[in-house]
Amino acid sequence: MASNWVPDETSVSQLSLLLKNSMSPIQRDRETAMDALKTFQSQPEFLNYLCYILIEGASVPAITSQFQPHELSALRGTAGLLLKNTMLQNEHGLLKHDIQYVKTNIIHGLYANNGERLISNSTGIVITTLFATHYRQDRSDVTGVAMLSQLIELTANNNLGAIKALSKIMEDNGQFFQLEWQSDNGVVKPIEFLIDNFLKFMVDPTITNPEIRAESINCINFAIGFQLQYIVVKIDEYLVNIFKLAEHESNDLIRAQICVAFTTILEFRPDKLTDNLTGIVQFMLHLITSVKEETVALEACEFLYGFATSPNIPKHILQPYVKDIVPVLLTKMVFDEDSILVYEAHNEDDAFLEDKDEDIKPMAPRIVKKKTNNDGSKTANADDEDDEDDDDDDGDVDSRWTLRKCAAATLDVMTNILPRDVIEIAFPYLRDHLTSEQWFIREATILALGAMSEGIMKFFNDQLPSLIPFLVEQLKDQWAPVRKITCWTLSRFATWILQDHTEFLIPVLEPIINTLLDKRKDVQEAAISSVAVFIENCDSELIETLLYSELLNSFDKCFQYYKKKNLIILYDAVGRFAEKVDFDDAAMQIVLPHLINKWATLQDNDKEIWPLLECLSCVVSSLGEKFLPMAPDVYSRAYRILCHCVEMETKSHEDPSIVVPEKDFTITSIDLIDGLVQGLGPQCQPLLFPNNDNTLLRIMLECLNDPIHEVRQSTFALLGDIVTFCNTQLLAGTLSQFLKYIGTEIMHNDDFDGVPSVINAVWSLGLIAERIDLSAYMIDMSRILLDLFITTMQFVDVAILENIAITIGRMSITHPEVFSSGEFAQDSVWSKWADCMSTVESYEEKSSGYMGFIKIVNISQLTMSDKTLHKVISGLSINVEAEVFSQDVLAFLMRYSNQIQNISSSLSPDEISFLQKFSN
């Protein structure tokens, strides 16, 4: 339906000036304009006016008469940005605004704009937002399908903006297009005509812009990723087109998308590639070795990485290709010519030079919620596994994902899968090049050894007693890149050294510690990162016995010697050190003055404060009550930063011009407050809640409404610790709201990146249930937990299931009746509960879980099977303080005494010993 809306010229003129002034460098003009825009925003026609300025701004006299030509593009782009933001900030606002004009006219912004890509891009973003906020909720609106058809028609006429919009729409909304949508011709499934046209555009000779063909392939790749049914039907046709393009196409954009296509199909339909694997692998190797554009070579290497890591590709399928792939990977791990020239021109000492702010990459905090302690503190972040390796697959501090890094990662996984095959091919090459006169060959060889470390440690560890000392010698190499990569490679062998070969610990770690004071900053960075890995993997007792004083003294020197950039890395290492050991007075005298002095020199908005806050959080936890004299000042500042972040976030919802502090300020300030709670224990209460003022809890509630997972993750962790150490009466006025946010997190956060936040939400619920009577909430909260625990409709991370199992037990200590019947009272569910508890390491958590579970079983009408009974007895016999609830255990054993006799022959010595304790 066409729109009859006609803009008022005076309003157009006024709004245009307001948009211009809203971007003014003068704060007063900007604030005045934003206040006036709020008035405009309440008008039903607001979005229409923004759309009109975006698409017609260059030809409207009311606008052109007030602006110079160079100002028009910025004005129109601003209108598009505000149009998008308004729709995103308040999707329900679309119900109040008249958007018919937007729906029927926004497409015009993709028409000829004298080559102004800003206008085309802004239009595409608005169209994408329309689908995200309106059409996918209202598929009965026929203008949605009409707009898709118009975009297809424009693409057929070589309109790049149209296919870019379609690509983004497919990425964000592709799964909704397999549903039924209303069109002028009745009900349709848009995915069908979209895929048909994308297939045509791939190979259509009338499409003269190769970028359009590349984006068409990209759209289909999104559809494959969503596993849409229609692409399953069309995948053979797609492969015919892909193979045709692979044979003849030379455009780099298209070849990169061909690689992505094969990688995507490999992930979701590997059966479609098995007959052509040899040709595909050779095609990828050809691209890697012959194409100058690294983007193409990187995508080709990504296929090889996917090939090696795919759970659907048995290793016997990969094995024949090892001899072809490994030499290419080794070759591509050597720096390219430009990098070699740069390194050779800059090998001089630079440790004395001050760092420039622009040379320091933004540092995200090391968010670890939280290590699992014997006292039952928070479960480790699911992202934290192999944390020391994830950041830099080749020891390069550059965060860009490069061909060199991808080659190293691919070699790594291939060595894990087929260690003998890979090493037999690689070792002769490595042996010949370890002592090469060319430093960059030596460097790449050491990198390869690090990449292959897992396989070497498992199957060729007899080589390591001679290899490790050789690597240590390379820390003296005259070339900084060699010393740098050696630090990384030695850290890759940390687990081998620390598990069974501690005789190498001091001979390896002392030279790395000496390298902390290298005269090259990048080598210092690699050395401190390597030390952090050893600390992370080292037993606490070993650190305290052999390394404590030496590390403290080395950190002291580093604090005095390092410039700003490497201080950031040093904070992380000191934080890991503090997590491993309890700091004594010596540590307090050495480490704390450096941290507090730096703390005093940094402004609240300095990004360098992020890692410092994280480090302080760990140090405070380690120092405990020793930190009490400094706690008020530290808490006051962390609290101030947190309040400012929350305040700016709230204000920005009303005024988009307000610059919101980056979330890391919020996260690290919460973590530091949490560190104070953990370190000070009950003594934190007067600090956090003076005179029972619960303002902090109100601020935490605001944080639990934040869309960023890590903010909620840290807040749930703080909530759990407050409940543990403070008077629970403090939560009296906010308990229902916290439980609401916990429930929302568990029910609606199905994002893989959000797993740690869900874990902490479940964990905090268990602690609350142990300490506060949740009678009024038990039914609702138990249903939320059980829905996720017993679901077969979605994948649930094992760490989430483990924490749910613990929390069910904790809730049942006081209210077992809630779980004694209904969905939980099934033998298969009890068996699953026991399986989840079998991996719990925390003594306190496992004991609490079983304390509640046994109460459930004792009052339930259900009788468990012999198999489940054996699992429960096994769980009770290991790492559980059963004496604390001995009466319940005795009742349980008495009830199942006959069944226990039946399974007695299959019980282990530990299980028999446990039963004998309760039979005497």
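Computed from a predicted structure; not experimentally measured.
With hydrogens and angles disregarded, a donor-acceptor distance shorter than 3.5 Å links the side chain of N197 to the backbone of F193. The main-chain N or O of D664 is never found under 3.5 Å from a side-chain atom of E662 such that the two would form a donor-acceptor pair. With hydrogens and angles ignored, the 3.5 Å screen pairs a side-chain donor or acceptor of T263 with a backbone N or O of C259. Judged purely by atom type and a 3.5 angstrom limit, D184 has no side-chain atom pairing as donor or acceptor with the backbone of V142. For the pair R139 (side chain) and Q182 (backbone), a donor-acceptor distance under 3.5 Å is absent. Here the side chain of D421 pairs no donor or acceptor atom with the backbone of P320 at under 3.5 angstrom. Remark: side-chain polar atoms of T128 are paired, donor with acceptor, to backbone N or O of G124 under 3.5 angstrom. Of the possible polar contacts, one joining the W181 side chain to the F176 backbone as a donor-acceptor pair under 3.5 Å is found. T791 places no side-chain N or O within 3.5 Å of a backbone atom of L788 that could act as its donor or acceptor partner. A donor-acceptor pair under 3.5 Å is absent between the side-chain atoms of S120 and the main chain of R117, judged by distance alone.
To the nearest 0.5 Å, the span separating NZ on K272 from CD1 on I235 amounts to 6.5 Å. Note that CD1 of I317 and CG of N312 are 11.5 Å apart. Values are rounded to the nearest 0.5 Å. Going from atom CG of L199 over to atom CD1 of I217 covers 10.0 Å, rounded to the nearest 0.5 Å. Distance CD/Q438 to CD/E443: 13.0 Å, rounded to 0.5 Å. Considering CG of D138 and OG1 of T133, their distance stands at 11.0 Å, rounded to 0.5 Å. Rounding to the nearest 0.5 angstrom, the gap separating the CG atom in L298 from the CZ atom in R404 is 14.0 Å.
Between L411 and V422 there is a side-chain heavy-atom pair separated by less than 4.5 Å. No side-chain heavy atom of R492 sits less than 4.5 Å from a side-chain heavy atom of V533. For the pair I152 and F201, the minimum side-chain heavy-atom distance is below 4.5 Å. The closest side-chain heavy-atom distance from E710 to D753 is not below 4.5 Å. For the pair K663/D706, a side-chain contact is recorded, criterion being any heavy-atom separation below 4.5 Å from C-beta on. The closest side-chain heavy-atom distance from M170 to F198 is below 4.5 Å. Two residues are said to be in side-chain contact when any heavy atoms from C-beta on lie closer than 4.5 Å; L151 and N159 fail this criterion. You'll find the side chain of I163 reaches within 4.5 Å of the side chain of S216, heavy atoms only.
Between R213 and E249 a salt bridge is recorded (basic side-chain N to carboxylate O distance below 4.0 Å). With salt bridges taken as basic N to acidic carboxylate O contacts below 4.0 Å, none links E180 and K189. Under the 4.0 Å criterion applied to side-chain N and carboxylate O atoms, E211 and K164 are assigned as salt-bridge partners. With respect to the salt-bridge test (charged N to carboxylate O, under 4.0 angstrom), the residues D172 and R136 do not qualify. With salt bridges taken as basic N to acidic carboxylate O contacts below 4.0 Å, none links E247 and K244. The existence of a salt bridge linking K292 and D252 is excluded, since no basic side-chain nitrogen approaches an acidic carboxylate oxygen closer than 4.0 Å.
Side-chain atoms of D271 and T274 form no donor-acceptor pair, as typed in the model, at a separation below 3.5 Å. If you check the side chains of Y230 and D196, you find a donor sitting under 3.5 Å from an acceptor. Using a 3.5 Å distance cut-off with no hydrogens or angles, the side chains of T206 and D204 do pair a donor with an acceptor. Side-chain contact, T143 with Y135: a donor N or O sits under 3.5 Å from an acceptor N or O. No side-chain donor from either of T445 and Y429 sits under 3.5 Å from a side-chain acceptor of the other. Between the side chains of E745 and S757, at least one donor N or O sits under 3.5 Å from an acceptor N or O.
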Given side chain to side chain contact (heavy atoms under 4.5 Å, CB included), test S122 with L81 step by step and report yes or no.
CA-CA 7 Å; S122 297; L81 179 63; over 6 Å; no
I313 and L266: CA distance, side-chain angles, deciding distance, side chain to side chain contact (heavy atoms under 4.5 Å, CB included) verdict
CA-CA 9 Å; I313 303 293; L266 180 72; 4.0 Å; yes
Run the side chain to side chain contact (heavy atoms under 4.5 Å, CB included) check on I340 and D336 step by step: do they pass?
CA-CA 6 Å; I340 292 170; D336 59 36; over 6 Å; no
Step by step, would you call F226 with I191 a side chain to side chain contact (heavy atoms under 4.5 Å, CB included)?
CA-CA 12 Å; F226 286 127; I191 196 63; over 6 Å; no
Going through the distances and angles, do F303 and F283 end up as a ring pair (Phe, Tyr, Trp, His ring centres under 6.0 Å)?
CA-CA 11 Å; F303 174 85; F283 172 72; 9.2 Å; no
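Taking each heavy atom of Q319 and L418 in turn, the nearest pair found is CA-CD1, 3.6 Å. Of all the heavy atoms in A444 and M333, the pair that sits closest is CB-O, 3.5 Å. The minimum heavy-atom distance between A407 and K332, with the atom names listed, is CB-CB, 4.3 Å. In terms of heavy-atom proximity, L403 sits nearest to C301 at CD1-CB, 3.7 Å. Closest heavy-atom contact between I759 and A799: CD1-CB, 3.4 Å. Shortest non-hydrogen contact noted between I119 and S73 is CD1-O, 4.0 Å.
Under the 6.0 Å cut-off for aromatic ring centres, H108 and Y111 qualify, their centroids lying closer than that. For F262 and F243, the gap between ring centers is short of 6.0 Å.
Relative ring orientation between W401 and Y305 is described as perpendicular, the plane-to-plane angle rising above 60° on a 0-90° scale split at 30° and 60°. Below 30°, between 30° and 60°, or above 60°: for F307 and Y321 the angle between ring planes is above 60°, a perpendicular geometry.
Heavy-atom neighbours of Q282 CD from other residues, nucleotides or ligands within 6.0 Å: above the threshold of 12.
Of the residues L148, I169, N173, the one that meets the side chain to side chain contact (heavy atoms under 4.5 Å, CB included) test with P190 is L148.
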